[in-house]
Structure formats: structure tokens, C-alpha cells
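All values derive from a computational prediction rather than experimental measurement.
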Amino acid sequence: MVNDSNFLRNRVILEFKDCNSKVISSQKGNSSIKEYEEGFPDALSKALVNISISKPVEDTTLKQEVQIMKETAQETSKVNEQKSQTSKAEKYSNGKLSLQKIQIDATQFILVDGNSSVPFATFKETTKKDVFRVKLGSGESTTGYYENGNLVIEIPKSNDEYSKEVFAPIK
């Protein structure tokens, strides 16, 4: 708001600026009332009358990104919290990888590599005992199950076939 008054008139200029202080819109208002206390509010109300009503549209993409970031932070904090309880966690190895099983809740658990912040695989129960829907860290979905005390993951190959990855418990 700029006071552009002189001794005969009260004038006001309303300027709307962007983040870089560039004027994107301005409205002028003036009043022939000479006294400042009465004339300035009159000029201001005349300037405000000319401003069009805005109809903003909510941008939901930012809210979605913030929600995803919050969920990721919560999952990471759960993983870190459960990593600190290593004495309770089970460990599995396939000879190449050594992974830690972390129980998230009664129906799901994850296998994590201590050197990565991304879970190796996320396991969710199915209706069949000891059979799981598995989401790999790469984003692929597959099946996992317990067999003879070992944890088995069917790893998808590029030609619609699967290889059997067996993780034995480390004692």
C-alpha cells in the first residue's frame, strides 16, 4: 500500500507483488475529502472495490508429496527403532547377503540389509500359513514362504521365470 496523497486529495495505490518484488497488479483509489483521518480510508475503500474476487485452486500435489515424505519418515524411524533392538531380531543369510528380519506387526515383516536404508523385501501374510506376498526393494512383487525352517523368496527373472532364493536362519 502506497500513500500517494497531496494537500488537495487523499490517494492510495495498492500494489500486489510476487516473491521477487515484481509488481503483478496495482489498483488506485482517491478521495476528495481533504482530512487524512476520513479521506484515507475512503480512498482505500475505493481502491479495494476495483479488486476482482480471486478463485484460488488448491494444489494437491504438494500435499501428496508431503504425505509420502511423512510416511517414508515414519517407516524409516520404525526400521531404525527396530534395528536398535537387534538382540530380538532374527538374521537370515543366503551365503551372499546377510539380512535381518524385523517384525512390523502381527501380519507383516521386512528383511533389511544393515548397509541400506531401503528394505530388501517386505512380507505380508496371505490366507495360507507361512506363505507371503513379497514386495522387493526393486519394486517387483513376488511370493515368499517358509520351507524346512528357511525363508524362500521366488525372485522374478526377465523371461517370466523365477529363481528360488533360500535364506537360512543364522544362529
Side-chain angles (χ1 to χ4, degrees), residues 1 14-27 47-171:
M1 186 167 35
L14 293 176
E15 292 181 340
F16 298 94
K17 298 179 180 183
D18 65 7
C19 299
N20 298 319
S21 296
K22 179 182 172 191
V23 176
I24 55 174
S25 177
S26 67
Q27 292 293 329
L48 290 171
V49 167
N50 296 326
I51 298 174
S52 61
I53 297 172
S54 68
K55 296 178 182 168
V57 177
E58 185 176 5
D59 185 6
T60 58
T61 56
L62 181 61
K63 282 185 178 181
Q64 291 170 344
E65 289 174 12
V66 169
Q67 182 64 29
I68 289 169
M69 291 172 68
K70 283 181 182 177
E71 289 170 358
T72 303
Q74 287 173 347
E75 286 178 17
T76 303
S77 69
K78 283 181 185 177
V79 167
N80 289 339
E81 182 180 308
Q82 290 174 346
K83 275 184 182 179
S84 67
Q85 301 171 353
T86 55
S87 60
K88 297 178 184 176
E90 298 174 44
K91 294 189 178 190
Y92 289 86
S93 177
N94 66 351
K96 296 176 258 173
L97 279 174
S98 180
L99 302 172
Q100 187 173 5
K101 176 186 171 187
I102 300 174
Q103 195 73 38
I104 295 174
D105 59 31
T107 62
Q108 61 183 340
F109 64 90
I110 59 175
L111 286 180
V112 293
D113 181 359
N115 301 327
S116 175
S117 61
V118 178
F120 177 78
T122 304
F123 292 73
K124 293 186 182 182
E125 280 186 353
T126 62
T127 55
K128 184 163 175 67
K129 184 178 180 345
D130 293 337
V131 177
F132 306 93
R133 283 186 290 286
V134 179
K135 183 152 190 170
L136 299 174
S138 62
E140 295 176 295
S141 294
T142 187
T143 305
Y145 52 90
Y146 282 112
E147 181 178 72
N148 301 326
N150 297 328
L151 189 56
V152 179
I153 304 173
E154 294 181 349
I155 306 289
K157 292 183 176 179
S158 59
N159 55 358
D160 288 336
E161 292 182 13
Y162 293 86
S163 66
K164 188 174 176 181
E165 198 70 43
V166 180
F167 291 88
I170 300 173
K171 301 201 177 164

Using side-chain heavy atoms (C-beta onward) and a distance below 4.5 Å, is L151 in contact with F123?
yes
More than 12 heavy atoms from other groups under 6.0 Å of CG on D18:
yes
Say you draw a straight line from CD of E90 to CG of L99; how long is it, rounded to the nearest 0.5 Å?
12.5 Å
According to salt bridge (charged side-chain N to carboxylate O under 4.0 Å, His left out), does anything in residues 126-154 pair up with another residue at least two apart or in another chain? List the pairs.
E147-K164
Flag the pair L136 / P156 as yes when at least one side-chain heavy-atom distance between them is below 4.5 Å, and no otherwise.
yes
Check: V134 and T122 side chains under 4.5 Å, non-hydrogen atoms
no
Heavy-atom distance under 4.5 Å between the side chains of V112 and I102, does that happen here?
yes
Please work out which of the three classes, parallel, tilted or perpendicular, describes the rings of Y146 and Y92, given edges at 30° and 60°.
tilted
At what distance, to the nearest 0.5 angstrom, does NZ of K22 lie from CD1 of I24?
9.0 Å
Rounded to the nearest 0.5 Å, what's the gap from CD1 on I104 to CD1 on I110? Could you check?
4.5 Å
Check Q103 against Q108 and note the closest heavy-atom contact, atom names and distance.
NE2-O, 3.3 Å
Stepwise side chain to side chain contact (heavy atoms under 4.5 Å, CB included) test for I155 and T142:
CA-CA 7 Å; I155 306 289; T142 187; 5.6 Å; no
To the nearest 0.5 angstrom, please state how far the CZ atom of F132 sits from the NZ atom of K124.
13.0 Å
Which heavy-atom pair separates K157 from S163 by the least distance, and what is that distance?
CE-CB, 3.6 Å
Just grab all the ring pair (Phe, Tyr, Trp, His ring centres under 6.0 Å) pairs involving residues 150-171, residues at least two apart or on different chains.
F120-F167
More than 12 heavy atoms of other residues, nucleotides or ligands under 6.0 Å from CG of N159: is that the case?
yes
Atom CZ of F109 and atom NZ of K101: how far apart are they, to the nearest 0.5 Å?
5.0 Å
How many angstroms lie between atom CD of E15 and atom CE of M1, to the nearest 0.5 angstrom?
11.5 Å
Where do I153 and T143 land on the side chain to side chain contact (heavy atoms under 4.5 Å, CB included) test, with the steps shown first?
CA-CA 6 Å; I153 304 173; T143 305; over 6 Å; no
With a 4.5 Å heavy-atom cut-off, do P169 and N150 have their side chains touching?
yes
Would you say that N94 contacts V166 through its side chain, given a criterion of any heavy-atom pair below 4.5 Å between the two side chains?
no
Decide yes or no for L14 and S26: does some side-chain heavy atom of the first lie under 4.5 Å from some side-chain heavy atom of the second?
no
